[in-house]
Structure formats: structure tokens, C-alpha cells
Amino acid sequence: MSDVVRLRGVGKQYESAGPPALADVGLTVASGEALAVMGPSGSGKSTLLNLIAGLDRPTSGEVEVAGTVLNRLSEKALARFRRASIGIVFQFFHLLEDLTARDNVLVPAQLVGGNRRAAQARADELLDSLGLTARADAYPSRLSGGERQRVAVARALINQPSLLLADEPTGAVDAAAGEQIMRILQDLSRSGQTILLVTHDPDLARQCATRTAEVRDGRLTEQVPA
Ligand code: ADP
């Protein structure tokens, strides 16, 4: 099985003084795995996710995703790589308010280019599989939190990313919607999607992840299943 994520000696120091946000993190995520990264607030989870997403750069070490070493890419190449290979679901959805649900899902496909009709068909397919067909023409302001997050999941999947990242995906929705998002992630994992999930919800980790790791004070430790 090939590795989708490989981190070697990764560190991140935001300020010149003080402890680093991340120190000497080594991590691999194989294709088809779903890794849940847990740990207390401020431990470095979001920093780790941002480095893997190519949204930020490490101050030391190497970040490799889907065979590409992100450190070596220019900003432009990094943005291109991110759009094509990584899907991200954020805690607070980050939908564009003046676009319908369907058009939100289509944004990453339009940025990558390619066949418009194929993208539209895939968007409709994703919306359908996530139970959103009836909401496809609605604007985010008319959607519930759970619906918004499902649109965000569809948007993250539109370019068939090598890696799906999720940062507290159930953190801003009610319990019932959280259950639904949890099941969607579970199904995606079962269908072979490689996932890295940041959460402090042990239930979500247990249900969706094939492996768990913990970050504490910027250091990552694997949790060996009992
Ligand atoms: P978590 O996601 O586990 O809550 P973070 O990765 O957000 O933790 O934060 C880890 C540490 O890095 C914290 O001490 C936080 O204050 C610091 N940090 C995070 N982002 C920044 C930033 N942009 N600038 C300076 N410090 C930051």
C-alpha cells in the first residue's frame, strides 16, 4: 500500500521565542487509512492539519502528500496541488454565501478546469449521495448547519482528492447532524478514501478512524489499539 502522507521531522515555530507549536513530528498515513488526530486544545492539531494541507509551511522537516514534497513547491504550485489533490472540511463550513449549494460544490472543479459537464454531473451525484438533491439550488443562509457541512463534504470530494482532511467536522453542528456527518465519513473510509481527521471527540474517532494518534505539546504519539 502506498503512503498518501509522509512527514519527516516536521516542526513549526510561529514565534522566534517560546516553545514550538510542533516538534519533530514523523507520521505516515497509508492509502485507504483514516487517521484521527486527537489531543487537547492548543496542542498543535490544527497546525499539523494546515501543514499537511499545504496551507502553511513547516519551519523544519519535510511534508509529502500523494508523492509530492510540498516544501519544494512555489506558492502557485502549492495552490494548484492543493486544489487537485486535497479536499478539506472545516469546522465552520466556509461556504461562499452568494453561491448556491451546487455552485459551492463546483468551485474547486472550476478552479482546476476540465470538463464542465462531467463536473456538474459529479456535483449532482455527490449532492444526491449526501441527501441534498432537494437543497441543491438553496443558498447557504437557507441551509441548516448539518446541510452546510454536507455541502462542504461534497465540495471537498468534487475533485476526487487523494486525501480528505477534516478539522472538527462535527464541532459546529447539532448532535443529530453530527451523527450524520460521522456516518458519511465512515462510509467514505469504507469505500477506501484516505482521511485525516482532527477531533477532540473520541466517539467520532472511534466510529470513523482506522487509526488514532495524539498530539500533546506539539509532539505526536501513535495510539496502539488495545
Ligand atoms: P489545536 O488545533 O490543537 O488547538 P493549534 O495548532 O491551533 O492547536 O495551536 C498550537 C499552538 O500554536 C498554540 O500554542 C497556538 O497558540 C499556537 N499558534 C497556532 N497558530 C498560530 C499562529 N498563526 N501564530 C502564532 N501562534 C499560533
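One-based numbering, in listed order, for ligands and for the atoms of each. Note that the numbering runs from 1 along the sequence shown for the chain.
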Donor-acceptor contact below 3.5 Å, side chain Ser162 vs main chain Ala66: no

Pairs satisfying salt bridge (Lys or Arg N to Asp or Glu O under 4.0 Å), at least one member in residues 6-24, at least two apart: Asp3-Arg6, Arg6-Glu64, Arg8-Glu62, Arg8-Glu64, Lys12-Asp56

Any residue meeting ring-ring contact (aromatic ring centres under 6.0 Å, His included) with Phe90, in chain and number order, not counting sequence neighbours: His94

Residues in contact with ligand 1, criterion: heavy atom under 4.0 Å: Tyr14, Glu15, Ala21, Pro40, Ser41, Gly42, Ser43, Gly44, Lys45, Ser46, Thr47

Stepwise side-chain hydrogen bond (donor to acceptor under 3.5 Å, both in side chains) check, Tyr14 with Thr59: CA-CA 8 Å; Tyr14 286 110; Thr59 36; over 6 Å; no

ILVMFWY cluster, Leu197 and Phe93 together (side-chain gap under 4.5 Å): yes

Pairs meeting criterion salt bridge (Lys or Arg N to Asp or Glu O under 4.0 Å) with involvement of residues 99-115, two or more places apart: Arg102-Asp124, Arg102-Asp137

